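The shown structure was predicted, so the numbers you read here are calculated from the model rather than taken from an experiment. Positions are given from 1, in the same order as the sequence printed here.
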Amino acid sequence: MLNIVIPAFNEENIIQKTIDDIYNWSKTNSIDIELVVINNNSTDQTEEICKNNLIKYKNFKYQNEEKKGKGFAVKRGLTISSYNKILILDADLSVSIDQFDPEWLGYENICISGSRFKGKVIGTPARRNLTGKGFSFLVKSLFNISVDDTQCGFKYISYSNIPLLVNKLTVGNFAYDVDFLLAVNSCSIETVVKPVTYIHNIESSVSIFKDSLKMLFTLIKLRTKSFN
């Protein structure tokens with residue numbers, strides 16, 4: 001059984017298509033899933049759309065996370081997931097679920113992190129590309145992380161003690177990916193980087209530019225954070 005976690009903030013324009021695409025993929029590939037959507041303080045119709053899917057689909061969950069921030073939403077999603085094999089995706093499916101390899105379900109104690117830099121990027125503005133590469137360079141300079149594209153929203157983890165991992169997560173903003181990967185390392189989980197194709201979606205609400213300063217301060221805090 002595969003859990004899929006999606007954080008969502010003001011995604012009324014795309015969230016229904018995303019949900020439908022995921023369940024269609026599940027049916028096509030004969031993979032049983034539990035889809036968890038975390039509504040993160042949306043001010044549009046995202047929550048109402050999620051409510052409608054409680055009736056439409058089996059094994060669909062959604063909850064509201066009052067703490068604003070993608071990291072808090074993902075943490076809540078991990079917490080309420082029923083299974084220990086979990087795929088984390090962005091709401092716009094900029095990295096499509098088709099890039100998940102069903103063979104990964106047979107792996108244990110592993111984290112697979114997608115890399116746009118090793119794969120392909122389509123339609124992303126040059127400024128966004130530059131910002132992402134600059135942030136990744138900074139992360140590589142500060143931390144012992146083998147992942148070259150920490151901010152890619154495509155991550156799969158198979159681990160027998162998800163609550164232990166969750167307890168190590170403290171970051172709410174977009175730097176949560178670094179916190180997540182550091183927690184993975186501290187749990188002695190093998191990390192593997194896989195090339196992915198990333199297609200920029202102009203309908204997505206995701207934007208890291210306005211949070212850049214917060215992310216920088218978060219990295220400084222993470223630099224001194226130790227995992228027990």
**Asked** Should the ring pair Tyr23 and Tyr57 be called parallel, tilted or perpendicular, given that the plane angle runs from 0 to 90° and is split at 30 and 60?
**Response** parallel
**Asked** Should Asn173 and Thr218 be marked as a side-chain hydrogen bond (donor to acceptor under 3.5 Å, both in side chains) after you check the CA-CA gap, both sets of side-chain angles, and the distance that decides it?
**Response** CA-CA 8 Å; Asn173 62 36; Thr218 300; 2.8 Å; yes
**Item:** Pair Gln16, Asn53: side-chain N/O donor-acceptor within cut-off below 3.5 Å
**Value:** yes
**Asked** Taking the side chain from Glu11 and the backbone from Thr46, do they hold a donor-acceptor pair closer than 3.5 Å?
**Response** no
**Prompt:** Which pairs count as salt bridge (Lys or Arg N to Asp or Glu O under 4.0 Å) when at least one residue sits in residues 94-113, sequence neighbours excluded?
**Reply:** Lys85-Glu108
**Item:** Verdict with reasoning, Asp179 to Lys168, per salt bridge (Lys or Arg N to Asp or Glu O under 4.0 Å)
**Value:** CA-CA 8 Å; Asp179 190 31; Lys168 295 176 180 289; over 6 Å; no
**Which residues share a side chain to side chain donor-acceptor pair (under 3.5 Å) with Tyr159, sequence neighbours left out** = none
**Asked** When you look at Arg76 and Leu78, which way does the side-chain contact (heavy atoms from CB on, under 4.5 Å) test go after all the steps?
**Response** CA-CA 5 Å; Arg76 173 63 68 89; Leu78 293 172; over 6 Å; no
**Item:** Flag, side chain of Ser94 to backbone of His200, donor-acceptor distance under 3.5 Å
**Value:** no
**Request:** Calculate, to the nearest 0.5 Å, the distance between atoms CD1 and CD1 belonging to Ile86 and Ile4 respectively.
**Result:** 11.0 Å
**Asked** Is any side-chain N of the basic residue among Lys155 and Asp177 closer than 4.0 Å to the acidic one's carboxylate O?
**Response** yes
**Asked** If you measure only the distance, is there a donor-acceptor pair under 3.5 Å linking the side chains of Tyr62 and Glu47?
**Response** yes
**Prompt:** If you measure from CD1 on Ile19 to CG on Asn24, what distance do you get to the nearest 0.5 Å?
**Reply:** 12.0 Å
**Asked** So, Thr18 and Asp21: side-chain donor and acceptor under 3.5 Å apart, yes or no?
**Response** no
**Prompt:** Does the side chain of Glu65 come under 3.5 Å of the side chain of Asn40 through a donor N or O and an acceptor N or O?
**Reply:** no
**Message:** Tell me if a side-chain donor or acceptor on Asp90 pairs with a main-chain N or O of Asp92 at a distance below 3.5 Å.
**Reply:** no
**Asked** Within the side chain of Glu34, is there an N or O that forms a donor-acceptor pair under 3.5 Å with the backbone of Ser82?
**Response** yes
**Request:** Could you tell me whether the side chains of Asp148 and Ser115 share a donor-acceptor contact shorter than 3.5 Å?
**Result:** yes
**Asked** Pick one: which of Leu93, Leu87, Asp149 meets side-chain contact (heavy atoms from CB on, under 4.5 Å) with Phe154?
**Response** Leu87
**Message:** Check whether Thr28 reaches the backbone of Trp25 with its side chain - one donor and one acceptor, N or O, closer than 3.5 Å.
**Reply:** no
**Message:** Could you measure the distance from the CD1 atom of Ile22 to the CG atom of Leu35? Nearest 0.5 Å is fine.
**Reply:** 5.0 Å
**Asked** Within the distance-only criterion (no hydrogens, no angle test), does the side chain of Asn41 pair as donor or acceptor with the backbone N or O of Glu66 below 3.5 angstrom?
**Response** yes
